[in-house]
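Have a look at the structure below, then the notes.
Basis for what follows: all heavy atoms, side chains included, without hydrogens, waters or symmetry-related copies.
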Amino acid sequence: MRQNIPLRLHVPEPSGRPGHATDFSYLRLAAAGAARKPPVDTSAIDTTDMAYTLVRVLDDDGNATGPWAQAIAPELLRKGLQSMIKTRIFDARMLIAQRQKKMSFYMQSLGEEAIGTAQVMALSKGDMCFPSYRQQNLLIAQDVPLFDMMCQLFSNDRDRLKGRQLPVMYSVRDAGFFSISGNLATQFVQAVGWAMASAIKGDTKIASAWIGDGATAAADFQTALTFAHVYQAPVILNVINNQWAISSFQALAGGESTTFAARGVGSGIASLRVDGNDFLAVYAASQWAVERARGNLGPTLIEWVTYRAGPHSTSDDPSKYRPADDWARFPLGDPIDRLKRHLIGIGAWSEEEQHSTQKAYEAEVIAAQKQAESHGTLATGQTSSVASMFEDVYKDMPWHLRRQRQQLGV
């Protein structure tokens, strides 16, 4: 007769905590160049192995290797490196500005700069990105004025969104940057719907959506995958697995015994698992997914393996839940250093140019910040006009709103 064994609830735990170095073997890393490259018209089921390996191009010495390595113009790689450097400088300055109470909070993309920068270079004008709150690199790589971005952060009188969005939640239609939503998983649903609309119209534009590993636990994630699969929506579904969703390890969202890319295969979607700190791998995988979407071959889900080097936001203290030196020990390294090493290796960059570029962008960011702060910050109290709250709600302002506005004296 079978004995009754008491049931136990399994709660996933990270392999590292403060005071205990992380064992990163759970990442299931593969050697650079080891992953095969399926044909662009492959079926979802044929990408099963791709969901469990890791697409990598750059080896430890900065050399491009394997089937995903391709001829990329050095000027494009230089532009990618420059955009990542500028993004990191921008983030550092805005983090200080938040500590000076010039904005309510800020979110860096530290350690994740390659993912958005490389993919936006594979997309075309008119495509629409539905980003998370760490994709400021999508804007910076397209040379969106830093002044405009800073005014949104400061919610001042030059904020094009009139103070109606939280800091870092940009919205720039001309740059294909859809409004950011704090409840992040909705970006997947909206991107799939936008892509379906593009197909219905017979357009040539595709969509790209971005969420973190934590947001895959939301119901919207699976809903989006179902619609993308059923209607073969021309969309790229990016899951940024940066290991931590606020203070929750990625395993709590389902990444312990499988991968997030595997969920795409299970939903009938071609899926890849890619080194998100390898600019060349990001660009190659993005091009592959873009070609599939643009060629009516269906959606692609990509899990980008990376690491959130900084806090979740300025309201977070990661030293409470992970080792302080985790990023320095992360086996996939720093995306900027890796691309720099590659460019120096092919003779398209130098340490001197790295230094001069750093200095030039520091000066550019400081100048833009001074200009933006002259229009007000949270610290000065010179923010968007109160009158703007009455605008853009009705085509013709009703009497009761006119009266309220008069009572406020605005």
Side-chain angles (χ1 to χ4, degrees), residues 28-57 66-70 115 118-119 122-124 127-128 130 187-189 191-200 202-211 213 216 220-241 254-255 257-276 278 280-305:
R28 308 179 183 90
L29 300 183
R36 70 184 181 92
K37 186 176 184 180
V40 75
D41 61 350
T42 193
S43 65
I45 194 68
D46 186 50
T47 63
T48 300
D49 62 314
M50 304 303 300
Y52 291 94
T53 186
L54 190 69
V55 174
R56 302 177 68 185
V57 172
W68 289 89
Q70 58 191 67
I115 302 170
Q119 185 165 119
L123 294 169
S124 299
D127 294 335
M128 185 61 71
F130 291 74
Q187 297 296 74
F188 260 33
V189 177
V192 172
W194 193 96
M196 289 169 60
S198 184
I200 290 169
D203 210 334
T204 60
K205 302 178 180 67
I206 66 173
S208 180
W210 310 75
I211 64 173
D213 49 275
T216 63
D220 283 342
F221 172 74
Q222 201 59 53
T223 298
L225 264 58
T226 298
F227 273 78
H229 160 64
V230 170
Y231 296 102
Q232 291 294 284
V235 63
I236 304 171
L237 301 168
N238 300 284
V239 176
I240 300 181
N241 181 2
S257 58
T258 186
T259 68
F260 296 105
R263 296 193 193 179
V265 176
S267 295
I269 296 174
S271 302
L272 304 173
R273 188 169 176 264
V274 182
D275 180 349
D278 179 344
L280 273 68
V282 177
Y283 184 74
S286 296
Q287 276 198 322
W288 189 85
V290 165
E291 188 175 348
R292 280 182 59 83
R294 198 113 41 210
N296 286 309
L297 296 171
T300 303
L301 185 145
I302 307 177
E303 176 187 348
W304 303 105
V305 180

For this session: Might you point out which heavy atoms bring Asp127 and Ile206 nearest each other, and give the distance in Å?
Result: OD1-N, 3.0 Å
Exercise. Going by heavy atoms in the side chains, are Thr42 and Thr47 under 4.5 Å from each other?
Worked result: yes
Seminar exercise, completed: Test side chain to side chain donor-acceptor pair (under 3.5 Å), reference Trp304, set Asn238, Asn241, Asp278, Asp275, output is Asn238
Problem set entry | Minimum heavy-atom distance Thr216-Phe260, with the two atoms named | OG1-CE2, 3.3 Å
Problem set entry | Closest heavy-atom pair and its distance - Val274, Ala285 | CG2-CB, 3.8 Å
For this session: Identify the two heavy atoms, one from Gln70 and one from Tyr283, that lie closest to each other, and give their separation to 0.1 Å.
Result: NE2-CE2, 3.9 Å
For this session: Considering non-hydrogen atoms only, spot the tightest contact between Ala195 and Ala233 and give its length.
Result: CB-CB, 4.1 Å
For this session: Examine distances only and state if a side-chain atom of Arg292 and a backbone atom of Leu297 form a donor-acceptor pair shorter than 3.5 Å.
Result: yes
Exercise. Can you name the one residue among Thr53, Asp49, Val305 that meets side-chain contact (heavy atoms from CB on, under 4.5 Å) with Arg273?
Worked result: Val305
Problem set entry | Pair Ser267-Gln222, side chain to side chain donor-acceptor pair (under 3.5 Å): steps then yes or no | CA-CA 8 Å; Ser267 295; Gln222 201 59 53; 2.7 Å; yes
Exercise. Taking the side chain as C-beta and beyond, is there a heavy-atom pair between Leu237 and Thr300 under 4.5 Å?
Worked result: no
For this session: Applying side chain to side chain contact (heavy atoms under 4.5 Å, CB included), run through Asp220 and Phe188 and close with a yes or a no.
Result: CA-CA 7 Å; Asp220 283 342; Phe188 260 33; 5.9 Å; no
Exercise. Hey, does Met50 have a side-chain heavy atom less than 4.5 Å from the side chain of Ser271?
Worked result: no
Exercise. Is there side-chain contact between Leu272 and Glu303, with heavy atoms separated by less than 4.5 Å?
Worked result: no
Exercise. Tell me, do Arg36 and Trp68 make a side-chain contact under 4.5 Å, heavy atoms counted?
Worked result: no
Problem set entry | Arg294 side chain near Pro234 side chain, heavy-atom distance below 4.5 Å | no
Problem set entry | Ser208 and Gln119: side chain donor to acceptor below 3.5 Å | yes
